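Computation of the quantities below employed the complete heavy-atom set of this structure, encompassing side-chain atoms and omitting hydrogens, waters and symmetry-equivalent molecules. What you see is a predicted model, and the numbers here were worked out from it, not measured in a lab. Order of the sequence lines fixes the chain letters, A, B, ..., with proteins taken first and strands second; residue numbering starts at 1 for each chain.
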Amino acid sequence: MNAFLASGPGQVLITLVETLLLLVPLLISVAYLTVAERKILGAIQLRKGPNVVGFWGLLQAFADALKMIMKEQIIPTGANRFLFVIAPMLTMVLALMAWAVIPVTDGWAISDINVGILYLFAISSLSVYGIIIAGWASNSKYAFLGALRSAAQMVSYEVSIGFVIVTVLLCAGTLNLTGIVRSQSTIWFVVPLFPMFIVYFVSALAETNRPPFDLAEGESEIVAGFLVEYSGISWGLFFLGEYANMILQAAMMTILFLGGWLPVFGLSFIPGPIWFIAKIIFVLFFFIWVRATFPRFRYDQLMRLGWKVFLPLSLFWLVLTAGVLVFMGWLPHSA
Amino acid sequence: MINQNWILALPEIVLAICAMAILVFGVLWKRSNPSFPCAMLALASLLLAGVLALSAPLGSAYGGLFAVDHFAVFMKLLIVAGAGLSLILSIDYNVQTGIDRFEFPVLILLCTVGMMIMASATNLMSLYIGLELQSLSIYVMASFNRDDLRSSEAGLKYFVLGALASGLLLYGASLAYGFNGSMDFAQLRAGLTSTNPPAGLVIGIVFIVAGLAFKISAVPFHMWTPDVYEGAPTPVTAFMSTAPKVAAIALLLRALEVPFGHLGQSWTQLVVLVSIASMLLGSLAAIGQTSIKRLMAYSSIGHMGYALIGLATNSQAGIQGVLVYMVTYVFMSAGVFACVIAMRRQGLALEKISDLSGLARTDPMLALAFAIFMFSMAGIPPFSGFFGKLYVFYAAVQAGYWTLAVIGVLTSVIGAYYYLRVIKVMYFDDAQPAFDARSPSLSFVAAVGALVTVLFFVFPAPIVNAAQIAASALFG
Amino acid sequence: MIAAIAFYVFAAVLIGSAALVVSSRNPVHSVLFLILAFFNAAGLFLLAGAEFLAMVLVIVYVGAVAVLFLFVVMMLDVNFDQMREGVQRYAPIGAAVGAVLFLELIVTVAGWQFVPNVTLHLASATPAGVTNTAALGHLIYTDYIFLFQAAGLILLVAMIGAIVLTHRERGASRRQNIGVQQARTMANTLEMMTVAIGAGSRQTGILRPLPPPARPLDDHDDHGHGGHDDGHGHDDHAHAGGH
């Protein structure tokens, strides 16, 4: 048995099993995140939220999924059929692909690569393609406008996300995600780099097109942006992709700033994955809270915030961090 | 303790920092148009860079990427002089044309940094980086008058063709690297011990020469020159025809002499061909021109042909000749363009040769300066242009390149026709209304150019000796 | 074995998609094939052990540059059929030049012979125990710091150029000045009035917009949009006063 597992096909099998073990809970989490969001929004707005399907409305997610699958798929005339169909799949696949490098606890990553953080950054910068291709392939003005908005928005906020990541890397001294978490064993990076955490959180909202930065789908101005022509399960894939991206960004924040699987208050008897999941849930709650609290940004405000506030701020903090690390001799020398 | 590397590259570093400081100053200065103070600051930084370049210690820095030798210092001083003169030319012109923006001096400074890196480059990578920094700045400057169709066209044309030339250069560099495993000039030379280099390497050298020939607008890579010279704002044309030419020649000399000097038989015939073609085209195509800027474009093609004679000889005397030639060329070229910019009637810039008619009666000083530069460009003694040609022809004869020397003399005679025609138009044709009053900056540049051109034969020794020392650095 | 298969797959898809970039009829498809080509190039980098370059290729070229390409291609109405005609007209010349270059390449490959001690000069491999990224960093920030900074200057020039050649100050644009917005107090925007029942707006004095003031106001920015339009500002007052 061990000999088989060490061989080529055995390795492939192990990877497949690992992937399934990660993806199935992830997809279930995505489904329940939608329910959780509606429940939390309901609580904030003093109403009940979904409570009919199943106990406490817990089966609502499956009811929605069933509905989306059963609905008719409409492909508009004049649309580029191939790209129109491929775009939502792309969004979903990219959101799931990133999980390959996420360490759930020490050593629990499907692929613990050296440049893990760059891989995550690369994948998250690709998610714009799903939207821009959808917008173009729909052959509709609203969809196209939404796609352009979203492309500009994501490219803008990626710049400050990049600087935040570099700041964290300076402190961690490695691009490996496990290494980044381990380097936080004395202090989580959220403490010394708190402003960067805020910048990252807001940029993550923009990067996932979440409210208050959901201009790409602004219902009141461009109907629903790039989503306007989609229906049935292809719409559903976009929907699920957005939530999967949210979880991904929450996981990234957990790894970069909140110490990943590391326990607090010395409560190390609770296993690492539980801590990891708890921290993700904590961040996700903020995502939803923000949605319920803030009105949508205007487009020029969005661009102003990205280029004129976050970019200089993150650049300044990067230089400051580097200066402090060099001056105090705290630079991690990993190699 | 400061690393020796940084001290050697101090002129470039200081100039780059000055450029960035001026940029920030220009952005923050809200009270008035910052272009004039920025131009003055830029001139001061050029002066500072010149002084630093002169006083910098000699040596090699950054693991052989960058060398400061007498050759580099000579070329840097010439580059700084050319850039400074063009910057002075631009001050009043830009105001009159309505393009007086503070980015212009900043771009000139950054371009100068690129050119100084080119002069010091002893590695294919630093060669390329310097070249790109220089080229990119010039692309922008060529289309600086963005509301003018011709200026935009000039910038775009130069950009597209320049990108192609950069591609050729990179391709050649990659071949040279692939066959030798090193991008360092000294190691390239050490690796190429056999007298019979592999064919791929020769092809690499051909592509490098082609890329650099584009930058000095030598035939057959000259197509862009007339259009870009004509379309670009005149101070930019003046700049393009002085400092970048010096830098590109410096790069060509070093890139051929240092790593491939002992493989002369592989590339001298190439340079001979390019040189002859440039001289012929420069003198023949200029005859029919009516625009003085196009005329100067063809003239610069021809001049590069003459300068390449010195390189073709692959000898120290030849390189010395090239250096002397470049000194004379920079000053007369800057002077000519000062005169061209002075051609302005009722606020409108003029560029036709016929607009000059009777200038001797309306503005005798301008006509005199113009005539001096034209005589010098034609190579008529006792002006400096004659001595430049004398040195390269002499080196060619010494090295046994009789055909080159003869063709050079013949094309000089043909070229003299169109230079003298300009003088004839100024002195013997009917007078036209006078030009607008000259701004002092133009008079200054014209006077500097004329003084160097006229007095060169009185004191040639410092420049000739400096050129000799500089040339020996490549053969040391 | 798997690495060899992966290499040939990446290489084949790379060449195929590169060919499709040039030949597809639809420019958007061209850009998408370009992205596919970038991905496969990144894959080749990965196989060569240059993981940092692979990731940076994806981040920079696919994540940013190609997005802008896609932007431009989608926005501009370029008549590609017309351009194609030009291609057909000049195809013979292009083919001739290409053939000459190809022949030269053949000569190069046929005469492929390295300089004797070429291996001495080859760049040293990544030292053991150091990741590819760290090794690159060590080189870039020590031996090649000068070139690295000079390359930064090139980017600066590109940025200055883009701004110089395209940026225009538009006098008519309305800029939002958030500082001014935040600083305004209730006193200078809101006026509480007791309006008698049945009184017309003329009697109460809350008629808005106000008649033009005797001298022009100094501070245009007392209203929300910080614009240059006085009438607009008074509208704001009208709303505030009316409620």
Side-chain angles (χ1 to χ4, degrees), chain B residues 5-6 9 12-13 16 19-20 23 61-63 65-66 101 103-104 106-107 110-111 113-114 117 123 125-126 128-130 132-137 139-141 143-144 146 152 155 171 175 178-184 187-188 190-194 197-204 206-207, chain C residues 83 86 90 93-94 96-125 136 138-170 175:
Chain B
N5 286 337
W6 302 110
E12 285 83 358
I13 295 171
M20 288 186 265
L23 184 65
Y62 304 107
L65 288 171
F66 186 89
R101 308 179 62 184
E103 289 95 343
F104 191 87
V106 175
L107 285 171
L110 288 172
C111 186
V113 175
I117 295 175
N123 184 301
M125 275 191 287
S126 38
Y128 181 69
I129 296 267
E132 278 304 291
L133 184 53
Q134 176 248 39
S135 309
L136 201 60
S137 316
Y139 303 147
V140 177
M141 280 193 278
S143 43
F144 207 78
R146 61 187 188 186
S152 311
Y171 185 53
L175 281 177
F179 275 96
N180 211 328
S182 173
M183 298 207 240
D184 188 75
Q187 288 194 26
L188 272 172
L192 297 168
T193 44
S194 76
L201 183 68
V202 177
I203 293 177
V206 170
F207 276 108
Chain C
M83 286 172 69
Y90 295 114
I93 303 173
V97 173
V100 170
L101 286 180
F102 186 65
L103 279 178
E104 285 183 351
L105 266 182
I106 288 180
V107 171
T108 315
V109 175
W112 194 270
Q113 126 210 27
F114 288 103
V115 167
N117 45 359
V118 64
T119 43
L120 286 181
H121 298 152
L122 275 181
S124 48
L136 256 179
H138 279 306
L139 271 186
I140 287 178
Y141 289 98
T142 55
D143 292 0
Y144 295 104
I145 180 72
F146 186 71
L147 295 185
F148 186 66
Q149 297 293 344
L153 282 184
I154 295 180
L155 294 182
L156 177 67
V157 169
M159 199 160 83
I160 297 175
I163 293 171
V164 164
L165 297 182
T166 59
H167 180 70
R168 282 166 206 274
E169 286 287 345
R170 282 191 189 79
R175 287 266 169 75

Is there a ring pair (Phe, Tyr, Trp, His ring centres under 6.0 Å) between B:Tyr62 and C:Tyr144 once you walk through the steps?
CA-CA 7 Å; B:Tyr62 304 107; C:Tyr144 295 104; 9.9 Å; no

Heavy-atom proximity to chain C below 4.5 Å, by part of [X]:
| X | result |
| --- | --- |
| B:Phe104 | neither |
| B:Val113 | side chain |
| B:Ile203 | side chain |
| B:Leu133 | both |
| B:Val106 | side chain |

Search all heavy atoms of [X] against all heavy atoms of [Y] and return the closest pair with its distance.
| X | Y | result |
| --- | --- | --- |
| B:Arg146 | C:Ile163 | NH1-O, 4.3 Å |
| B:Phe144 | C:Val164 | CE1-CG1, 3.4 Å |
| B:Ala16 | C:Leu153 | CB-CD1, 3.7 Å |

Validation row: C:Val157, B:Tyr139 side chains within 4.5 angstrom (heavy atoms):
no

Non-hydrogen side-chain atoms of C:Gln149 and B:Ile13 separated by less than 4.5 Å
no

Counting heavy-atom pairs under 4.5 Å with chain C, which one of [options] comes out on top?
| options | answer |
| --- | --- |
| B:Glu132, B:Met141, B:Met125 | B:Met125 |
| B:Ile117, B:Leu107, B:Leu110, B:Ile129 | B:Ile129 |
| B:Ser143, B:Gly130, B:Gly63 | B:Ser143 |

Does any backbone or side-chain atom of [X] lie under 4.5 Å from a heavy atom of chain B? Answer side chain, backbone, both or neither.
| X | value |
| --- | --- |
| C:Ile160 | side chain |
| C:Thr142 | neither |
| C:Leu156 | side chain |

Quick one: CD1 on C:Ile145 to CH2 on B:Trp6, what's the gap to the nearest 0.5 Å?
5.0 Å

Side chain to side chain contact (heavy atoms under 4.5 Å, CB included) assessment of B:Phe207 paired with C:Leu101
CA-CA 11 Å; B:Phe207 276 108; C:Leu101 286 180; 3.6 Å; yes

